[in-house]
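All figures in this text were calculated on a predicted structure; none of them were measured in a lab. Note that these values count all heavy atoms, side chains included, but never hydrogens, waters or copies made by symmetry.
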Amino acid sequence: MTTFIQAHFLTVYPPANLNRDDVGRPKTAIFGAVPRLRVSSQSLKRAWRTSDVFKNKLEGRLGSRTMRFGEQIEAHLQSKGASQEKAREIARAAAGLFGKVKPENDKNPVYIEQLAFLSSEEKELVLALAERAFLEQKPIDPKTAGVLRQTDSAVDIAMFGRMLASSPDFNREAAVQVAHAITTHRVLVEDDYYTAVDDLKRPSEDAGAAFVGEAGFGAGVFYLYLCIDRDLLERNLGGNQELANAGIAALLEAAATTAPKGKQASFASHARASYLMVERGDSTPRTLAGAFLSPIKSKDGEGDYMALSVVALEKHRNSFAKAYGDLTKFAVMNITTGEIALANAVAFAIAAT
């Protein structure tokens with residue numbers, strides 16, 4: 001049977017603009033017929049992948065999502081004595097192993113058309129392949145190149161998957177599913193009107209500002225849900241259980257401690273989860289977002305929205321358990337009550353079932 005690890009986070013963010021839409025305002029969603037703030041799963045996953053937590057705990061085991069790897073191949077070949085023309089020819093052929101290469105007359109002729117998620121191992125193999133092609137003066141044959149891997153040495157590729165349109169046999173199904181985070185309560189985006197003053201402006205001049213602008217922001221308690229297919233993660237990592245454990249630990253810590261980087265200089269919106277429920281078992285995964293379909297609100301207008309959100313979340317879980325049978329074990333971190341530390345919740349998540 002498949003083991004699923006599900007994590008439910010509640011995190012408080014003061015005024016912030018974590019994840020912007022196409023006009024620079026915080027992303028939103030209508031849920032339960034009322035507006036909520038939203039942070040996209042794409043934004044969250046990138047924040048975690050590039051976090052210090054991932055870098056420190058998974059050093060040497062992370063991939064790169066890029067269309068520019070051809071530049072590195074070209075520079076590597078030139079460092080080995082290849083002419084720019086020859087280096088570019090080989091770099092285009094090597095980059096083409098990961099996707100369609102841009103036209104030769106493009107300003108970036110060694111780029112590929114789409115982003116490709118590449119492991120460090122694959123990048124090293126391609127550099128070695130390109131170098132051999134230069135030294136032996138032989139063209140690169142995509143059919144015999146043998147640089148793409150069926151399993152991963154990069155944990156983030158194993159977790160979040162990849163698609164290589166030109167080499168679908170080497171696609172990877174994501175072992176981690178991440179929901180968009182939404183506030184547990186109704187939120188309206190507000191506007192911050194601000195001005196900038198010219199420091200060298202003389203008192204004799206007009207008193208007006210040098211610049212006037214507006215920035216949207218919002219605040220609230222966010223609910224985030226993610227699900228890890230433990231068995232698929234191990235398969236993607238070639239059966240490496242120890243590496244799977246390290247990846248799960250890094251993911252949970254990053255999700256609890258790392259915020260998206262949107263407008264951080266303006267809002268310093270660095271927050272940590274106040275509540276985490278980790279579930280482990282083989283029953284079909286399910287989100288607990290329904291706990292907030294009716295938005296959290298206090299009777300007197302002065303209630304603790306975090307405490308009320310915790311109550312609603314746990315009540316909703318218990319209702320599911322009564323209806324379907326309590327088939328998952330769980331552990332709770334709650335900074336208000338002092339229930340276990342994050343390290344204990346992580347240890348529970350990776351413990352043998």
Side-chain angles (χ1 to χ4, degrees), residues 1-11 41 44-63 119-120 151-162 172-179 181 223-258 272-288 313-314 317 320-321 326-335 337-353:
M1 288 187 174
T2 300
T3 298
F4 295 103
I5 298 167
Q6 301 177 83
H8 311 266
F9 298 84
L10 292 171
T11 306
S41 58
L44 291 166
K45 287 184 283 190
R46 173 160 176 78
W48 302 339
R49 279 199 309 111
T50 59
S51 68
D52 288 339
V53 174
F54 264 48
K55 290 175 184 175
N56 294 336
K57 292 186 176 294
L58 301 172
E59 184 178 4
R61 294 291 194 169
L62 296 174
S119 69
S120 296
T151 57
D152 293 304
S153 57
V155 179
D156 46 355
I157 297 178
M159 284 184 170
F160 304 126
R162 74 174 179 188
R172 203 79 73 247
E173 182 181 356
V176 176
Q177 300 170 343
V178 182
Y223 168 70
L224 166 64
Y225 168 72
L226 64 85
C227 177
I228 305 166
D229 183 329
R230 170 61 195 247
D231 300 75
L232 177 56
L233 180 60
E234 281 194 30
R235 290 198 301 273
N236 283 351
L237 292 170
N240 191 329
Q241 186 178 59
E242 183 178 350
L243 189 54
N245 286 341
I248 293 168
L251 177 65
L252 294 178
E253 182 177 342
T257 62
T258 305
R272 295 193 171 195
S274 297
Y275 179 93
L276 165 61
M277 179 192 294
V278 178
E279 300 180 286
R280 190 187 70 227
D282 56 18
S283 59
T284 304
R286 78 305 177 244
T287 177
L288 295 177
L313 186 70
E314 293 185 343
R317 186 199 182 279
F320 269 122
D326 194 355
L327 302 178
T328 61
K329 299 177 181 178
F330 69 98
V332 169
M333 178 198 79
N334 188 335
I335 67 167
T337 62
E339 291 179 77
I340 76 171
L342 176 61
N344 300 113
V346 170
F348 168 83
I350 62 178
T353 54

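- Taken to the nearest 0.5 Å, the CD atom of Glu173 stands 7.5 Å off from the CG atom of Asn236.
- Residues Ser153 and Arg61 approach most closely at O-CD, 3.2 Å, considering heavy atoms.
- In this view, Asp52 and Lys55, Asn56 satisfy the side-chain contact (heavy atoms from CB on, under 4.5 Å) rule, not counting sequence neighbours.
- By the 4.5 Å heavy-atom criterion applied to side chains, Phe54 and Val155 are not counted as neighbours.
- Side-chain atoms of Arg230 and Ile248, non-hydrogen and from C-beta on, do get closer than 4.5 Å to each other.
- Side-chain atoms of Pro285 and Tyr225, non-hydrogen and from C-beta on, do get closer than 4.5 Å to each other.
- We find the CZ-OG1 distance between Arg46 and Thr258 to be 13.0 Å, quoted to the nearest 0.5 Å.
- Judged by distance alone, the side chain of Asp156 and the main-chain N or O of Leu62 form no donor-acceptor pair under 3.5 Å.
- For Asp229, the side-chain contact (heavy atoms from CB on, under 4.5 Å) partners two or more places apart in sequence, or in a different chain, are Thr2, Phe4, Asp231, Leu232.
- Residue Leu226 holds its CG atom at 6.5 Å from CG of Leu252, rounded to the nearest 0.5 Å.
- A pairwise comparison of heavy atoms in Thr287 and Phe320 identifies O-CE1, 4.1 Å as the closest pair.
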If you look only at distance, which donor and acceptor atoms sit under 3.5 Å apart when one is on a side chain in residues 272-279 and the other is two or more places apart or in another chain?
residue, atom, partner, partner atom, Å
Tyr275, OH, Glu314, OE2, 2.8
Glu279, OE1, His8, NE2, 2.8
Glu279, OE1, Arg286, NH1, 2.8
Glu279, OE1, Arg286, NH2, 3.4
Glu279, OE2, Arg286, NH2, 2.8
Glu279, OE2, Arg317, NE, 2.7
Glu279, OE2, Arg317, NH2, 3.4
Glu279, OE2, Thr328, OG1, 3.4

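- In this structure, the separation between CD1 on Ile335 and CG on Leu342 is 12.0 Å, given to the nearest 0.5 Å.
- Summarising the geometry of Ile157 relative to Ser119, their closest heavy-atom pair is CD1-N, 3.5 Å, with the distance given to 0.1 Å.
- Taking CD of Glu242 as the start and CD1 of Ile350 as the end, the distance is 10.0 Å to the nearest 0.5 Å.
- Applying the side chain to side chain donor-acceptor pair (under 3.5 Å) test to Asn240 and every residue at least two apart in sequence or in another chain returns nothing.
- Side-chain contact between Leu224 and Thr11 is absent, with no heavy atoms from C-beta onward closer than 4.5 Å.
- Minimum heavy-atom separation, Gln6 to Cys227: CG-SG, 4.2 Å.
- Below 30°, between 30° and 60°, or above 60°: for Trp48 and Phe160 the angle between ring planes is between 30° and 60°, a tilted geometry.
- Here the shortest heavy-atom pairing between Ala254 and Val53 reads N-CG1, 4.0 Å.
- Remark: Thr337 pairs with Glu339 by the side chain to side chain donor-acceptor pair (under 3.5 Å) rule, at least two apart or across chains.
- Listed by chain and residue number, Arg172 satisfy the side chain to side chain donor-acceptor pair (under 3.5 Å) test with Asp152 (two or more places apart in sequence, or in another chain).
- Separating the OG1 atom in Thr3 from the CD1 atom in Ile228 is a distance of 11.5 Å, to the nearest 0.5 Å.
- Taking both residues in full, the closest heavy atoms of Ile340 and Ala331 are given as CD1-CB, 4.0 Å, listed atom of the first, atom of the second, then distance.
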